[in-house]
J.: 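To start, I am sharing the structure in question, which I have written as structure tokens.
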Amino acid sequence: ATALKAVLLRPGLADINISTTAGVIALNGKELTDVKLVTKNNTLYVPLRAVAEALGYTVTWDAGSQTAVVYDGPRSAVCTIGSSDYGKQRMRVKLQFKPELIDGVTMVPVEMLDYVMGYSVKVSAAHI
């Protein structure tokens, strides 16, 4: 099954819900267009910049090290293409799946949204 819709809400307000039967990513009812979700190695990947910016984060990219940093005031997360080590508030978090560049877009496993950025993620086949 491929996830085709995600609803993203700020922590403390609600959780992130991803539906495998819709067709967009939505944040607090506002739909993001031109984003792609990818299922690879039995895990769902989401476009980091589109999701992070929709959540209010600033995103920086270092092409030399292929590292993305997302931050919103004191909250921050870091990921490097091909590395299973993620940064969370200056701590290291190791996840099973690594971020990948897919068609020039930094795609991260949904687990990054949960374990690194602090959101609760629910994936289902139901419409949101």
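Below, each value reflects all heavy atoms present in this structure, side chains not excepted, and no hydrogens, waters or symmetry copies.
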J.: Under the side chain to side chain contact (heavy atoms under 4.5 Å, CB included) rule, collect the residues that match up with V59, sequence neighbours excluded.
T.: R49, A52, E53, V70
J.: My understanding is that only residues two or more places apart in sequence, or in another chain, count here; which of them pass side chain to side chain donor-acceptor pair (under 3.5 Å) with E100?
T.: K40
J.: Please name all residues satisfying side chain to side chain donor-acceptor pair (under 3.5 Å) with D103, sequence neighbours left out, ordered by chain then number.
T.: K36
J.: Are any of the side-chain heavy atoms of P47 and L37 separated by less than 4.5 Å?
T.: yes
J.: Name all residues meeting the side chain to side chain donor-acceptor pair (under 3.5 Å) criterion together with S83; count only those two or more places apart in sequence or in a different chain, and write none if there are none.
T.: none
J.: My understanding is that a hydrophobic cluster links ILVMFWY residues whose side chain heavy atoms are under 4.5 Å apart, including indirect links. Using that, what else belongs to the cluster containing M91?
T.: none
J.: Is it true that a side-chain atom of Q89 and a backbone atom of S76 form a donor plus acceptor pair closer than 3.5 Å?
T.: yes
J.: Say whether, by atom type as modelled, one donor and one acceptor occur between the side chain of D62 and the main chain of G64 under 3.5 angstrom.
T.: yes
J.: Should Y115 and P109 count as side-chain neighbours, where that means a heavy-atom distance under 4.5 Å?
T.: no
J.: Can you list the residues that meet the side chain to side chain contact (heavy atoms under 4.5 Å, CB included) rule with K98, with sequence neighbours excluded?
T.: S84
J.: Consider only side-chain heavy atoms of I, L, V, M, F, W and Y, link residues closer than 4.5 Å, and tell whether V110 and L95 are in one cluster.
T.: yes
J.: If you round to the nearest 0.5 Å, how far is CE of M107 from SG of C79?
T.: 11.5 Å
J.: Find out whether T106 and L101 are in side-chain contact, i.e. whether some heavy atom of one side chain is under 4.5 Å from a heavy atom of the other.
T.: yes
J.: Of all heavy-atom pairs between V116 and G87, which one has the smallest distance, and what is that distance?
T.: CG1-O, 3.3 Å
J.: For R92, enumerate each residue passing the salt bridge (charged side-chain N to carboxylate O under 4.0 Å, His left out) test, keeping only those at least two apart in sequence or located in another chain.
T.: D85
J.: Could you see if L55 belongs to whatever hydrophobic cluster contains V93? Use Ile, Leu, Val, Met, Phe, Trp, Tyr and a side-chain cutoff under 4.5 Å.
T.: yes
J.: Listed by chain and number, what are the side chain to side chain donor-acceptor pair (under 3.5 Å) partners of T80, not counting sequence neighbours?
T.: T67
J.: Would you name the heavy atoms of Y45 and F97 that are closest together and state the gap between them?
T.: OH-CB, 3.5 Å
J.: Are L48 and V69 linked, directly or through intermediate hydrophobic residues, by side-chain heavy-atom contacts shorter than 4.5 Å (ILVMFWY only)?
T.: no
J.: Give the minimum heavy-atom separation between V51 and L113, together with the two atoms involved.
T.: CG1-CD2, 3.9 Å
J.: Is any side-chain heavy atom of V108 closer than 4.5 Å to one of V46?
T.: yes
